[in-house]
Amino acid sequence: HKSKGREFDTVYMLLDDIQVNTDEQYRKLYVGITRAKRNLFIHCNTPIFTSLIDKNIDYKKDTNLYKVPDEITLALTMHDVFLDYFKGKKKLILSLHSGQPLRYDNGFFGLDSGEKVACISKQARETLESWADKGYLVYSAKVDFILAWKGKEDTEETAVLLPKLLLKKS
């Protein structure tokens with residue numbers, strides 16, 4: 001959805017157990033495929049595209065079994081943080097810099113001083129729980145981006161911190 005109306009020289013699509021049974025699923029796939037200007041790489045684990053093989057398409061089947069990674073990096077987005085939490089913290093957030101370490105504790109990000117600077121959304125909490133079910137726990141966090149956001153009823157911009165998390169297999 002985020003790429004609709006945009007184009008890119010190269011597009012990589014990672015499709016995990018994709019099933020295309022509805023018009024909406026076809027539209028999403030179509031939008032993704034038609035964003036590529038020069039190169040389109042589709043990585044999937046279903047035979048959905050095998051009937052489309054022709055001389056202009058390189059089809060390679062990878063039969064390698066890959067080791068489950070010991071670490072996963074999650075870059076949080078605006079949907080992964082509770083935006084209203086940042087209101088009134090503009091000066092503090094703008095004093096931070098990309099790469100600065102953060103402490104993660106039960107849905108909150110804080111500084112070494114103990115001051116909390118961000119809170120994850122319900123969506124991000126569910127994502128972390130699903131990774132925890134697979135054995136991955138938050139090992140470290142750091143500031144990834146700081147950007148401006150203005151809510152519909154707001155009169156001034158709010159500084160928002162987007163963290164990056166490192167998860168390690170326990």
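Starting from 1, each residue takes its place in the sequence as its number.
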Rounded distance [0.5 Å steps], CD1 in I48 versus CD1 in I18: 5.0 Å
Where E156 and K150 come nearest, the two heavy atoms and their spacing: O-CG, 4.0 Å
Single-linkage hydrophobic cluster L76~W149, side-chain heavy atoms < 4.5 angstrom: yes
Separation of L65 CG from D62 CG (nearest 0.5 Å): 9.0 Å
K90 atom NZ: more than 12 heavy-atom contacts under 6.0 Å: yes
Over all atoms of both residues, closest heavy-atom pair of G32 and V11: O-CG1, 3.9 Å
I42 side, atom CD1; L15 side, atom CG - distance, nearest 0.5 Å: 6.5 Å
CZ/F145: more than 12 non-hydrogen atoms of other groups inside 6.0 Å: no
Audit row: V117, L92, side-chain contact (heavy atoms from CB on, under 4.5 Å) steps and yes/no: CA-CA 8 Å; V117 293; L92 173 62; 3.5 Å; yes
Minimum-distance pair of heavy atoms, taken over all atoms of A75 and D80: O-OD2, 4.4 Å
Spatial distance of atom OG1 (T22) from atom CZ (R27) [nearest 0.5 Å]: 7.5 Å
Any side-chain donor near an acceptor of the partner, N39 and D9, under 3.5 Å: no
Side chain S121, main chain H79, donor-acceptor under 3.5 Å: yes
Donor-acceptor under 3.5 Å (R6 side chain, R35 main chain): no
Student check: side-chain heavy atoms of M13 and I33 closer than 4.5 Å: yes
Same apolar cluster: F108 and L162, side chain cutoff 4.5 Å: no
Separation of Q25 CD from L29 CG (nearest 0.5 Å): 9.5 Å
Heavy-atom check, side chain of S170 versus side chain of L137, under 4.5 Å: yes
Close side-chain approach of V143 to H97, heavy-atom, < 4.5 Å: no
Sub-4.5 Å side-chain heavy-atom contact between I146 and I93: yes
Heavy-atom donor-acceptor pair, S98 side chain to D144 backbone, under 3.5 Å: yes
Test log, rule side-chain contact (heavy atoms from CB on, under 4.5 Å), inputs L96 and L94: CA-CA 5 Å; L96 304 176; L94 292 177; over 6 Å; no
CA sep, side-chain torsions, deciding dist, call: K169, V68, side-chain contact (heavy atoms from CB on, under 4.5 Å): CA-CA 9 Å; K169 192 112 169 123; V68 174; 4.2 Å; yes
F109 side chain near I120 side chain, heavy-atom distance below 4.5 Å: yes
Over-ring placement of K89 relative to Y85, 6.0 Å and 45° cut-offs: yes
Within one Ile-Leu-Val-Met-Phe-Trp-Tyr cluster: L147 and L102, side-chain cutoff 4.5 Å: yes
Presence of salt bridge, D70 and K168, under 4.0 angstrom: no
Check against side-chain contact (heavy atoms from CB on, under 4.5 Å), L111 and R103: CA-CA 6 Å; L111 304 174; R103 294 179 183 262; over 6 Å; no
Within-4.5 Å side-chain heavy-atom neighbours: L166 and V138: no
Value rounded to 0.5 Å, distance of OH in Y26 from OH in Y30: 14.5 Å
Over all atoms of both residues, closest heavy-atom pair of L165 and A141: CD2-CB, 3.5 Å
Exercise: do D133 and S130 side chains pair donor with acceptor under 3.5 Å: no
Residue pair H43 / F41, side-chain heavy-atom distance below 4.5 Å: yes
Under-4.0 Å salt bridge between K87 and D154: yes
4.5 Å side-chain heavy-atom contact, Y136 and L74: no
